[in-house]
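Whatever order the structure lists ligands and atoms in, that order sets their numbers, starting from 1. In what follows, every heavy atom counts, from backbone to side chain, and hydrogens, waters and symmetry copies are set aside.
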Amino acid sequence: MPASLRRLDPLLGDAVLRDPDIAATYAVDSSYGASAPETFTVVRARDTQDVVAVLEEAQAHGIPVVPQGARTSLTGASCATEGAIVLNVEALRGIDIDPVEGHARVGPGVVNADLKAAVREAGLFYPPDPASADTCTIGGNVATNAGGLCCIKYGVTADYVKSLEIVLPGGEQIRTGKRTAKSTAGYDLTGLFVGSEGTLGVVTSALVRLIPAPDLALTALATFDSLDEAARAVLALRADRHRPALLEFLDRASIAAIQAMNDFGFPSGCEAALLVQSDRPGHAAEDVERYAATLADLGAAEIAVADNAAEAELLMKGRRMLNYALEAKGGRLAEDACVPVARLGDFVRIGQEISERTGVEITLSGHGGDGNLHPSLFFEHGDVDGWHRAEAALEELLRAALDLGGTITGEHGVGVQKRRFLEWELGAAEVARQRAVKALFDPSGIMNPGKVY
Ligand SMILES: Cc1cc2nc3c(=O)[nH]c(=O)nc-3n(C[C@H](O)[C@H](O)[C@H](O)COP(=O)(O)OP(=O)(O)OC[C@H]3O[C@@H](n4cnc5c(N)ncnc54)[C@H](O)[C@@H]3O)c2cc1C
């Protein structure tokens, strides 16, 4: 612990993590190549008062603070930096559901899947569902504006956050937004904090909107011999009057990786696969049959339709194995870009062309219904040249996403790894404006420095 913080020692007590081996596990997130700095302190806040105490002292002594949830960030956003206090808030876990207003007040440490399970018992639904839902926290989801598999129908985290309780550097506690169904009083500071990646303050509570629970989803799975046909099918399904609750895309390289793990029934040599679901109360079966007919009209080679929830989950199994299948291939940059949905096929083709030209193996799969793919770029573990070649291929891919009218990140955020690309997307003047906004809330620049900007 830095000398300047020793005053806090008696106050924080066992909130300070003193075992260096355990502390080291809090220094890194899930980004490739993350490593612990030489000096840092981990504080596992027990309550909001611990957060206030840390931010008062950190501001007074100019000590950097890294707010932290479950460390599933893929961009280095929750990694410790030199001399920082890693302020982990996983222990702030309350859930208070108000079924009449249709919202829940949630501690930032609540795991996404636990919130979903708790509100389902009340017949309600919290839609945002990152693929990391079993581990990531609501605080992390708010700070990254997390998306996931069901955004095509339900949107992203920002669409569900009504109000936030935040501790600012210096220890001031503020509340943004309102509990009411609507409010137009003043600027939308809730929107500013959602997606701010811990660079403005620490979220200590979130009031999230809930909706009536849908039915269990049913699934159709289609494979295609042509990428263009698969891309056209995505557009047709989006235009359906009852939009799918999930529309996932797998390219041929992702399918090969999944099949290399186990036989999930994908025919060899197919160019692309789509998974589509409906959860519309009382109409899911009819919807997936209609989606299947659309997929057949648009040239699908093979189609499987699940008429019960267990079968639906079986069809999803290959998709759910994707991350493990890609991890098993070696070193990889697990990436994130989003293009207008109409340019999905172009983006995949450009990725395949970059892969062939550079020799960097690339898979392109993800939330096709949003135009949001998670390219993976591979290299041998420990092969530094290979890693640099993958980084160079990634630059080309992100340039292509921007040229197609897209963005360098659909849902994972900027963190450390995409900092150098931010100005490509926003331009120097916009980055300067955003830095000025940060300075308003964090004049000493102690909040998650080196991340985003
Ligand atoms: C296998 C896998 C699949 C994934 N799939 C998806 C996906 O489908 N969609 C998606 O959007 N993301 C996905 N992610 C990325 C990641 O899970 C999300 O970004 C998630 O929101 C991070 O939550 P966390 O609790 O792990 O936060 P952390 O990684 O701990 O932190 C993430 C950021 O939030 C900040 N932060 C955390 N808590 C607070 C707080 N209380 N106050 C202020 N700032 C805070 C941190 O400083 C950091 O900037 C995936 C990651 C993995 C490993």
Side-chain ion pair, Asp114 and Arg93, N-O less than 4.0 Å: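 No, no charged N to carboxylate O under 4.0 Å.
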
Verdict with supporting geometry, Glu82 and Thr39, side chain to side chain donor-acceptor pair (under 3.5 Å): CA-CA 6 Å; Glu82 192 56 49; Thr39 49; 2.5 Å; yes

What atoms of ligand 1 come within less than 4.0 Å of a heavy atom belonging to [X]?
{"X": "Ala77", "answer": "47 (O), 48 (C), 49 (O)"}
{"X": "Ala146", "answer": "11 (O), 21 (O)"}
{"X": "Ala131", "answer": "3 (C), 5 (N), 6 (C), 7 (C), 8 (O)"}
{"X": "Asn448", "answer": "47 (O), 49 (O)"}
{"X": "Pro108", "answer": "41 (N)"}
{"X": "His367", "answer": "8 (O)"}
{"X": "Pro67", "answer": "43 (C), 44 (N), 45 (C), 46 (C), 47 (O)"}
{"X": "Asn323", "answer": "1 (C)"}

Close approach of Lys451 to ligand 1, heavy atoms, under 4.0 angstrom: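 In this structure, Lys451 fails to qualify as a contact of ligand 1 - no heavy atom is under 4.0 Å.
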
When you measure from [atom] to every protein heavy atom, which one gives the shortest distance, and what is it?
{"atom": "atom 27 (O) of ligand 1", "result": "Gly140 CA, 3.5 Å"}
{"atom": "atom 16 (C) of ligand 1", "result": "Thr72 OG1, 3.2 Å"}
{"atom": "atom 2 (C) of ligand 1", "result": "Ser132 CB, 3.9 Å"}
{"atom": "atom 31 (O) of ligand 1", "result": "Ser78 CB, 3.5 Å"}
{"atom": "atom 41 (N) of ligand 1", "result": "Val203 O, 3.0 Å"}
{"atom": "atom 12 (N) of ligand 1", "result": "His412 CD2, 3.4 Å"}
{"atom": "atom 43 (C) of ligand 1", "result": "Gly201 O, 3.5 Å"}
{"atom": "atom 9 (N) of ligand 1", "result": "Glu411 OE2, 2.9 Å"}

Indicate yes or no: does an N/O atom of [X] lie under 3.5 Å from an N/O atom of ligand 1?
{"X": "Ser30", "result": "no"}
{"X": "Val66", "result": "no"}
{"X": "Thr144", "result": "yes"}
{"X": "Gly69", "result": "yes"}

Residue Glu313 excluded, over 12 heavy atoms near CD under 6.0 Å: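 Counting neighbours around CD of Glu313, more than 12 heavy atoms of other residues, nucleotides or ligands fall under 6.0 Å, so yes.
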
Residue among Val161, Val106, Val208 satisfying side chain to side chain contact (heavy atoms under 4.5 Å, CB included) with Val142: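 For Val142, the side chain to side chain contact (heavy atoms under 4.5 Å, CB included) check succeeds only for Val161.
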
Region of Asp29 that comes within reach of ligand 1 [heavy atoms, distance under 4.0 Å]: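 It is neither part, as no heavy atom is under 4.0 Å.
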
Check against side chain to side chain donor-acceptor pair (under 3.5 Å), His412 and Gln417: CA-CA 11 Å; His412 290 173; Gln417 302 207 331; over 6 Å; no

Give, for atom [atom1] of [X] and atom [atom2] of [Y], the distance between the pair rounded to the nearest 0.5 Å.
{"X": "Phe266", "Y": "Ile258", "atom1": "CZ", "atom2": "CD1", "answer": "5.0 Å"}
{"X": "Leu115", "Y": "Ile95", "atom1": "CG", "atom2": "CD1", "answer": "5.0 Å"}
{"X": "Leu398", "Y": "Arg420", "atom1": "CG", "atom2": "CZ", "answer": "8.5 Å"}

Residue pair Ser365 / Glu248, side-chain heavy-atom distance below 4.5 Å: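 They are not in contact (no side-chain heavy atoms under 4.5 Å apart), so the answer is no.
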
Min side-chain heavy-atom separation Ser444-Pro169 under 4.5 Å: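 The answer is no, as the side chains (C-beta and beyond) never meet within the 4.5 Å cut-off.
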
Nearest option to atom 34 (O) of ligand 1, as decided by whichever heavy atom of Gly107, Ala45, Ala143 sits closest: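 Selected option, by shortest heavy-atom distance: Ala143.
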
Residue selection (non-hydrogen contact nearest atom 11 (O) of ligand 1) among Ser31, Gly147, Pro130: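 Considering heavy atoms of Ser31, Gly147, Pro130, the nearest to atom 11 (O) of ligand 1 sits in Gly147.
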
Near-ring test Phe249/Phe347, centroid separation under 6.0 angstrom: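 No, the ring of Phe347 stays outside the 6.0 Å limit from the ring of Phe249, centre to centre.
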
Geometric class of the Tyr126/Tyr160 ring pair [parallel <30°, tilted 30-60°, perpendicular >60°]: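 It falls in the perpendicular class, over 60°.
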
Arg18/Asp9 under salt bridge (charged side-chain N to carboxylate O under 4.0 Å, His left out): CA gap, chis, key distance, verdict: CA-CA 11 Å; Arg18 293 166 207 280; Asp9 220 20; 3.1 Å; yes

Distance-only donor-acceptor check, side chains Asp336 and Asn372, under 3.5 Å: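 Yes, because at least one side-chain N or O of Asp336 sits under 3.5 Å from a partner of the opposite role on Asn372.
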
